[in-house]
Undergrad: 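Here you go, one structure.
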Number of protein chains: 2
Amino acid sequence: MAKLQKSIDKRNALVKATIELVNNAGFHATPMSKIAKMANVSPATIYLYFENKQDLVNQTYIDVKAEYTKYAFDTYDENMSVESGFELIWKRIADFKLKECEHAMFLAQCDNTPIIDEISRQEGIKHLQPLLDLWERGRQEGIIKPVSDYLLYAYAINPLSFLMMAQKRGAFQLNKTHLEEAYQSAWSSIKVCK
Amino acid sequence: MAKLQKSIDKRNALVKATIELVNNAGFHATPMSKIAKMANVSPATIYLYFENKQDLVNQTYIDVKAEYTKYAFDTYDENMSVESGFELIWKRIADFKLKECEHAMFLAQCDNTPIIDEISRQEGIKHLQPLLDLWERGRQEGIIKPVSDYLLYAYAINPLSFLMMAQKRGAFQLNKTHLEEAYQSAWSSIKVCK
DNA sequence: TAAAAAAGAATGAACATTCATTTTTTTATA
DNA sequence: TATAAAAAAATGAATGTTCATTCTTTTTTA
C-alpha cells in the first residue's frame, strides 16, 4: 500500500541513474550521493525505495534483464518453426543490444563481475526460458545440435555481447550486412549439418 | 637499480592477491588493506611497488594479459598453414581459459567494466597481434571470411570466455568432447564455406 | 489536520594514502 | 673477513576524506 503511493517515476529515475553511472564509472565509483543527484532526489529518498545500495543494484539488474527478455520474446510465439523462431528471437536480441546499448552494457558488466547477488542472478536467468524451450524442441526435431544450452548460448547469442561492447568502445561499427553475416554464423553454429 | 633490489616475489604476491580478491569480491570490495594482508605485506609496502590502487590494478591487468597471449602463441609459428595455425592457437587459448581459470576470469571482469584505464586496455590489445596477422593471411588466401577482426573474434574466440564463466559458476562442466565441438563451431564460423 | 513522502544535515565506519620509525641489506673501511 | 656507517626496504599507526546510511525536520498529499 505504502509502496504504491510512492512515485514510480522516482524509482525509475533512480534505476536509470544507476545504469548510467555504473556504466561510466563502475560500481566502485558510483556513490549514492551521485545517483541521488542525477535522479534529482535527496540521498535519503533512495532509502524509501531501496533497502540499501546492494538492493538498488540488484533490482536494477532484474529490471533491465526483464526488459531485455521481454523485448527479445515480444513477437515470438511457440507455434513458429524452430528455425524461424530462432531467427526472430536472435534478431530481436541483436536489435536490443545495439539500440538499447546502455542497458546491454549494464547487463554485461553485471554478468561478468560479483556486483550482483547470486539470488538476483538466478532470478535474471529464469526469464530466458522460452529460448531454452525452443532449443529443446529443436533438439527433439533433430534440427538443433544435441549439446548443452550453454554451448548453444555461447556460440549463438553471446558473440552479440562482444560486438556490442566493441561498438560501444567505438572500435568498429556494425551495419546491416555485418548483422546478416553474424546471424548466419550464429545459426550455422547451432543447427545440425546435413 | 633500486627497483631491481626490491623483491620481485613481493610484487608477484601483490598481483596474485589482487586477482584473487577482485575475482571473489569485485574491485569495489577489495580494500588495499586486504590485498596487503593476503600478500603478507604491510599496506604501506604496496606503495613501494605501485603508485596507487589504480596503478596496481592496471599493472595486474597488463601482466595477466601478457601471460595469456604468451601462452596462446607459445607453440605457434608463422610458417604454419592458416587452418592448423588457427587450430593450434584456439586450443591453447581454450587450455588457458580452462586451466588458468582465475586469470581468465580476471580478464573477463576487466574487459567488461571501466576498472581499467583506457591506456592499459590498449596496451593489452597489442599482444593479440599474431592472431590478427594470421587472420589477415587467411583472408588473402581466401580461407578466412573477409570480415572484420571483431566479427571473427566474437564468433571464434569470445565464446570461450562465456563457457569459462559458466564452468566457473559450476553451471556445467566442459569436457574433451565439448571442446572438440566448440572448436568445430569456432572454425566453421570463420572459414569460407566451399 | 493527520499521514506519507521527501529533504538536508549529521553520523560513524571504512578506506586510500602518508608519516615517522624500525629492520634489513649494501657498501666502505680496516 | 669483520664491522660500522649509510642506504634501501618495510612497517604499523596516523590522517583526512569519502561514503553509505540514519536522524530530525519540513513539505506534500489525502
Side-chain angles (χ1 to χ4, degrees), chain A residues 1-61 106 109-110 113-117 120, chain B residues 1-61 106 109-110 113-117 120:
Chain A
M1 176 62 84
K3 281 219 171 158
L4 290 180
Q5 291 173 346
K6 291 189 227 166
S7 147
I8 190 74
D9 290 348
K10 242 162 226 171
R11 185 185 179 282
N12 289 343
L14 285 165
V15 165
K16 186 161 181 249
T18 303
I19 294 166
E20 188 166 337
L21 290 168
V22 170
N23 271 348
N24 290 328
F27 186 62
H28 70 289
T30 30
M32 296 295 259
S33 55
K34 268 195 194 169
I35 296 174
K37 192 165 288 173
M38 180 170 274
N40 283 313
V41 137
S42 154
T45 302
I46 301 182
Y47 293 85
L48 299 175
Y49 293 85
F50 303 95
E51 262 179 54
N52 50 37
K53 194 179 179 185
Q54 184 64 57
D55 183 44
L56 167 59
V57 75
N58 284 341
Q59 287 201 39
T60 302
Y61 174 75
F106 182 79
Q109 186 163 174
C110 292
T113 62
I115 65 180
I116 299 295
D117 275 355
S120 305
Chain B
M1 175 64 83
K3 280 220 172 159
L4 290 180
Q5 290 173 346
K6 289 190 227 166
S7 147
I8 189 77
D9 292 347
K10 241 163 228 171
R11 185 184 177 283
N12 289 342
L14 285 166
V15 165
K16 187 162 179 246
T18 302
I19 294 167
E20 190 168 336
L21 289 168
V22 170
N23 272 347
N24 290 326
F27 185 61
H28 70 288
T30 29
M32 295 296 257
S33 56
K34 267 196 195 169
I35 296 173
K37 192 164 287 174
M38 181 170 275
N40 282 314
V41 137
S42 154
T45 304
I46 301 182
Y47 293 84
L48 300 175
Y49 293 85
F50 304 94
E51 264 180 52
N52 49 37
K53 195 179 178 184
Q54 184 65 56
D55 182 45
L56 167 59
V57 76
N58 284 340
Q59 287 201 40
T60 301
Y61 175 74
F106 182 78
Q109 185 162 176
C110 293
T113 62
I115 64 180
I116 299 295
D117 275 356
S120 304

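All chains are named by letter (A, B, ...) in the order of the sequence lines, taking the proteins before the strands, and each is independently numbered beginning at 1. Quick caveat, the model's predicted, so the values are computed rather than measured.
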Undergrad: With sequence neighbours excluded, tell me which residues meet ring-ring contact (aromatic ring centres under 6.0 Å, His included) with B/Phe106.
TA: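 In terms of ring-ring contact (aromatic ring centres under 6.0 Å, His included), with neighbours along the sequence ignored, B/Phe106 is linked to no residue.
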Undergrad: May I ask you to decide if A/Ile115's main-chain N or O and A/Gln54's side chain share a donor-acceptor pair within less than 3.5 Å?
TA: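 Such a contact is found between A/Gln54 side chain and A/Ile115 backbone.
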Undergrad: Please give the nucleotide sitting opposite D/dA30 as a Watson-Crick or G-U wobble pair, both distances under 3.5 Å, or none.
TA: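 Its partner is C/dT1 (Watson-Crick or G-U wobble, both distances under 3.5 Å).
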Undergrad: What one-letter contact string describes nucleotides 15-24 of chain D from 5' to 3', where B marks a base within less than 4.0 Å of any protein heavy atom, S marks contact via sugar-phosphate atoms alone, and - marks no contact?
TA: ----SSBBB-
Undergrad: Given atom CD1 of B/Ile46 and atom C1' of C/dT17, what is their separation to the nearest angstrom?
TA: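 Distance, rounded to whole Å: 10 Å.
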Undergrad: Roughly, in whole Å, what's the span from NZ in A/Lys37 to P in C/dG8?
TA: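 In whole Å, C/dG8 P and A/Lys37 NZ are 10 Å from each other.
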Undergrad: Figure out the CG/P separation between B/Leu48 and C/dT17, and round it to whole Å.
TA: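 Spelled out: CG on B/Leu48 to P on C/dT17 is 14 Å.
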Undergrad: Check the distance between C/dG8's P and A/Asn40's CG and give it to me in whole angstrom.
TA: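 Those two atoms, CG and P, are 11 Å apart.
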Undergrad: Does A/Phe27 form a side-chain contact (heavy atoms from CB on, under 4.5 Å) with A/Val57? I'd like the steps, not just the answer.
TA: CA-CA 9 Å; A/Phe27 186 62; A/Val57 75; 4.0 Å; yes
Undergrad: Please answer whether the main-chain N or O of A/Asn58 pairs with a side-chain N or O of A/Asp117 as donor and acceptor at a distance below 3.5 Å.
TA: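 Checked: no pair found.
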Undergrad: Without decimals, in angstroms, what is the distance between B/Phe50 CZ and C/dT18 P?
TA: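 Distance check: B/Phe50 CZ to C/dT18 P gives 16 Å.
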Undergrad: Can you see whether A/Gln59 engages A/Asp55 through a side-chain donor-acceptor pair at a distance of less than 3.5 angstrom?
TA: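 A/Gln59 vs A/Asp55: donor-acceptor pair found between side chains.
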Undergrad: In whole angstroms, how far is the P atom of C/dT17 from the OH atom of B/Tyr49?
TA: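 Distance check: B/Tyr49 OH to C/dT17 P gives 18 Å.
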Undergrad: Look at the side-chain N and O atoms of A/Lys10 and state whether any lies under 4.0 Å from the OP1 or OP2 oxygen of C/dA5.
TA: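 No.
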Undergrad: Mark yes or no for whether B/Tyr49, through its side chain, and B/Asn12, through its backbone, hold a donor-acceptor pair below 3.5 Å.
TA: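 Not a single qualifying donor-acceptor pair exists.
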Undergrad: In whole Å, what is the span from the CG atom of A/Leu14 to the P atom of C/dA5?
TA: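 Taking atom P of C/dA5 as the reference, CG of A/Leu14 is at 15 Å.
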Undergrad: Examine C/dA6: is either OP1 or OP2 under 4.0 Å from a nitrogen or oxygen in the side chain of A/Ser42? Give yes or no.
TA: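 For C/dA6, OP1/OP2 do not have a side-chain N/O of A/Ser42 under 4.0 Å.
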